[in-house]
2 protein chains.
Amino acid sequence: MASTLHDVAKLAGVSIKTVSNVINDYPHIRPATRARVEAAVAELGYTPNLTARSLRSGRTGAIALAVPDLGLSYFAELAASVIEAAEEAGVVVLVEQTGGDRDREIELLRSPRLKMTDGLIFSPLGMGQDDVARLEVPYPLVVLGERIFDGPADHVTMQNVEAARAATELLLESGRRRIAVIGAHEGEVIGSAGLRLRGYREALDAAGVPFDESIIGYTTLWHRSNGARCLHELLDRGVEFDAVFGLNDTLALGAMRALQESGRRVPEDVAVVGFDDLDEARYTIPSLTTVDPGRVWIARTAVRTLLQRIEAADAAGPPRLLLADFRIAERESTRPRSA
Amino acid sequence: MASTLHDVAKLAGVSIKTVSNVINDYPHIRPATRARVEAAVAELGYTPNLTARSLRSGRTGAIALAVPDLGLSYFAELAASVIEAAEEAGVVVLVEQTGGDRDREIELLRSPRLKMTDGLIFSPLGMGQDDVARLEVPYPLVVLGERIFDGPADHVTMQNVEAARAATELLLESGRRRIAVIGAHEGEVIGSAGLRLRGYREALDAAGVPFDESIIGYTTLWHRSNGARCLHELLDRGVEFDAVFGLNDTLALGAMRALQESGRRVPEDVAVVGFDDLDEARYTIPSLTTVDPGRVWIARTAVRTLLQRIEAADAAGPPRLLLADFRIAERESTRPRSA
DNA sequence: CGCCCACTCTACAACGTTGTAGGCGCCCGT
DNA sequence: ACGGGCGCCTACAACGTTGTAGAGTGGGCG
């Protein structure tokens with residue numbers, strides 16, 4: 001079925017290399033020859049064998065993207081943006097799911113499956129700062145997320161502390177003082193949870209509002225159901241609060257549901273802020289105020305940076321840290337009470 | 001950096017083929033030789049070059065998945081399931097986004113980019129029944145969705161008519177009689193919209209409820225915002241209804257939001273049913289009754305079917321049509337009024 | 001008139017792997 | 001004692017492509 005350069009060459013009566021030259025737009029070919037070759041290509045429906053080309057050139061034209069799970073909306077939207085950016089750059093994307101599992105992440109990094117790609121955009125969730133040395137891999141790598149800093153690879157990430165601080169300040173400015181947090185991780189310092197919690201505390205400190213451990217809700221998995229469960233636990237504990245900062249949108253949405261189930265009105269009784277600016281956050285009831293952490297920019301930048309490393313044989317430049325701008329998307333869940 | 005069989009062979013003092021045999025668990029190798037080779041492999045950190053292996057074997061160990069957009073939750077969840085099933089089968093997945101655009105879909109089918117994969121799982125959105133001949137491609141292909149039937153390729157899909165009928169019957173049984181539809185496509189007969197609308201009409205007919213064109217809402221794009229807009233149009237038209245059938249979940253969720261904005265209570269004033277069983281539907285307020293169309297089964301079956309076609313050199317069996325079982329996930333948005 | 005260069009094309013090797021054919025030594029059965 | 005078969009290993013070719021070296025022609029210029 002599949003025809004090769006060889007078949008085309010035979011049909012056109014030229015050497016195999018001449019066909020290759022026509023395909024690759026090599027300039028010095030007589031129009032007559034070119035026409036003959038093109039006719040043969042058309043007749044046989046020839047398309048180049050990319051595997052052979054890859055073997056010869058050392059480039060596959062594919063990059064890998066490893067995320068925890070496309071079922072998590074943030075990563076689905078991130079993957080959509082990465083694939084779109086890659087498409088514009090003429091490369092395809094191989095998507096792997098790690099489940100956020102540390103062992104699978106580590107295995108993936110040394111997996112020969114990656115040999116089919118020119119580089120990796122990696123969003124770890126299970127690995128942590130202790131695993132920083134494992135990012136030393138023999139292929140171009142761009143790391144996303146907040147699990148590992150100062151590694152040997154380029155790192156594209158968001159301004160977690162600053163953005164969380166701004167989100168908290170928004171709540172404080174609207175008069176809220178008892179701001180519960182949903183999704184904290186016990187003892188975590190870096191990582192999305194740790195950094196966003198730090199931004200929260202910075203905002204409280206700056207405003208002179210005391211930090212209250214009793215309105216911090218802990219949950220490891222950031223899923224809608226955990227947001228709801230976490231908020232129910234706060235309610236069961238009987239603590240008072242007039243706002244909720246969900247450390248991501250799905251947590252906030254789950255919490256919002258739990259609030260309304262318990263008869264509290266959003267935003268009248270409790271204001272809610274999320275983090276991620278999922279598409280979904282615009283269409284919930286009420287719509288969710290959230291932080292747009294620059295997801296699209298992160299995706300584009302990750303792809304662009306990776307391709308630069310791939311193209312530069314001198315890939316040996318020092319690792320770069322690239323930070324996205326953030327933006328607060330103010331919606332109904334934080335409408336002022338008086339409004 | 002990358003070491004080859006050649007390097008390992010030299011270090012171990014054996015032929016290159018012997019190293020290959022060790023790597024591929026060929027049984028007849030003396031333990032001493034095997035040990036020497038394995039030591040050399042370990043010392044050099046050798047990993048096989050998959051590109052070369054692919055060229056030699058004619059298999060890449062990768063499949064392609066083409067969907068409209070991972071930003072659409074249904075396709076994100078579908079992709080997650082496909083990748084998971086592929087992972088279990090030991091193959092990786094290259095994801096393409098077509099944007100649901102017919103031209104891009106057609107171009108993708110004949111794209112040499114696919115040469116890097118062993119086959120394609122394709123979920124068209126822009127192509128239609130007229131394009132059925134374009135599915136005749138020189139590689140294994142599994143088609144998903146409801147845009148094209150009776151094509152030359154295997155087709156894995158869901159029971160749209162039956163499931164939509166069941167969803168409508170659920171509403172009818174709870175006493176609703178004026179069931180609005182959100183997301184219909186003008187004049188469409190096949191395609192998700194056409195088929196689901198047919199199931200809706202069948203249910204009405206069977207119950208002796210007259211079909212009323214004035215409560216059918218049309219919108220081409222199935223997005224949350226369109227669901228909301230579509231419902232607002234119905235309200236503006238001043239028509240009465242006591243239930244809404246969103247032809248997919250995002251439409252239903254957008255409609256639910258619009259209903260609540262307009263002061264109607266769900267399910268007391270208006271019951272809502274969706275279609276897709278997105279993860280999200282479980283955590284909205286109220287949670288959304290919806291049709292689980294068998295997404296996980298579809299993904300697994302698509303992968304399994306594709307791999308069978310790839311493995312069987314006799315891939316020439318007649319095309320198969322595989323239908324998933326569906327299930328109604330009954331939740332709060334259709335709670336009986338009296339409850 | 002002869003030389004050099006530009007143009008057009010070809011032959012060959014190489015990318016790293018695996019299938020095939022075959023060589024060599026040894027044990028077994030006759 | 002000898003042929004056959006098995007266990008272990010090697011050499012070579014091939015997958016389809018592209019880079020390199022170079023051959024042959026013709027034109028321009030000294």
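Atoms considered below: every heavy atom in the structure, side chains included; atoms not considered: hydrogens, waters and symmetry mates. Within every chain, numbering begins at 1; the chains are lettered A, B, ... in the order of the sequence lines, protein sequences first and strands thereafter.
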Engineer: Just to verify, what does A:Arg53 make a salt bridge (charged side-chain N to carboxylate O under 4.0 Å, His left out) with, not counting sequence neighbours?
Structural biologist: none
Engineer: Between B:Arg56 and B:Arg36, which residue's closest nucleotide on DNA chain D lies nearer the 5′ terminus?
Structural biologist: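 Going by which nucleotide is closer to the 5' end, it is B:Arg36.
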Engineer: Can B:Arg102 and B:Asp131 be counted as an ion pair, charged N to O under 4.0 angstrom?
Structural biologist: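 Salt bridge: yes.
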Engineer: Contact boundaries of DNA chain D with chain B (under 4.0 Å, heavy atoms), 5' to 3'?
Structural biologist: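 Here the contact window of chain B covers D:dG7 to D:dG16.
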Engineer: Name all residues meeting the side-chain hydrogen bond (donor to acceptor under 3.5 Å, both in side chains) criterion together with B:Thr51; count only those two or more places apart in sequence or in a different chain, and write none if there are none.
Structural biologist: none
Engineer: Which residues pass the salt bridge (charged side-chain N to carboxylate O under 4.0 Å, His left out) test with A:Glu43, sequence neighbours left out?
Structural biologist: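 Expected list: none.
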Engineer: Answer yes or no: is there a donor N or O on one side and an acceptor on the other, between the side chain of B:Glu105 and the main chain of B:Gly126, under 3.5 Å?
Structural biologist: yes
Engineer: Contacts to DNA chain C from residues 24-35 of chain B, heavy-atom cutoff under 4.0 Å, which residues?
Structural biologist: B:Asn24
Engineer: Rounding to 10 degrees, work out the angle separating the end axes of the helix from C:dC1-D:dG30 to C:dT30-D:dA1 (five pairs an end).
Structural biologist: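 Answer rounded to 10°: the end axes differ by 60°.
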Engineer: Taking side-chain contact (heavy atoms from CB on, under 4.5 Å) as the definition, give me every residue that meets it alongside A:Pro152, ordered by chain and number, with sequence neighbours left out.
Structural biologist: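 By the side-chain contact (heavy atoms from CB on, under 4.5 Å) rule, A:Pro152 matches A:Val132, A:Leu135, A:Glu136.
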Engineer: Using 4.0 Å as the upper bound for N to carboxylate O, is an ion pair formed by A:Arg295 and A:Asp276?
Structural biologist: no
Engineer: With sequence neighbours excluded, tell me which residues meet side-chain contact (heavy atoms from CB on, under 4.5 Å) with A:Arg59.
Structural biologist: A:Ser57, A:Asp118, A:Ile310, A:Glu311
Engineer: Going by distance alone, is a donor N or O of one side chain under 3.5 Å from an acceptor N or O of the other, for A:His223 and B:Asp279?
Structural biologist: yes
Engineer: Looking at residues at least two apart in the chain, or sitting in another chain, which of them share a side-chain contact (heavy atoms from CB on, under 4.5 Å) with B:Thr157?
Structural biologist: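 Once residues adjacent in sequence are excluded, the partners of B:Thr157 under the side-chain contact (heavy atoms from CB on, under 4.5 Å) criterion are B:Glu146, B:Phe149, B:His155, B:Asn160, B:Leu321, B:Leu323.
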Engineer: Not counting sequence neighbours, which residues clear side-chain contact (heavy atoms from CB on, under 4.5 Å) with B:Ser20? List them please.
Structural biologist: B:Leu5, B:Lys17, B:Asn24
Engineer: Hey, could you give me each pair passing side-chain hydrogen bond (donor to acceptor under 3.5 Å, both in side chains) that has a residue in residues 31-42 of chain A? Not counting sequence neighbours.
Structural biologist: none
Engineer: Using a heavy-atom distance cut-off of less than 4.0 Å, which residues of residues 6-20 of chain A contact DNA chain D?
Structural biologist: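 Those residues are A:Ile16, A:Lys17, A:Ser20.
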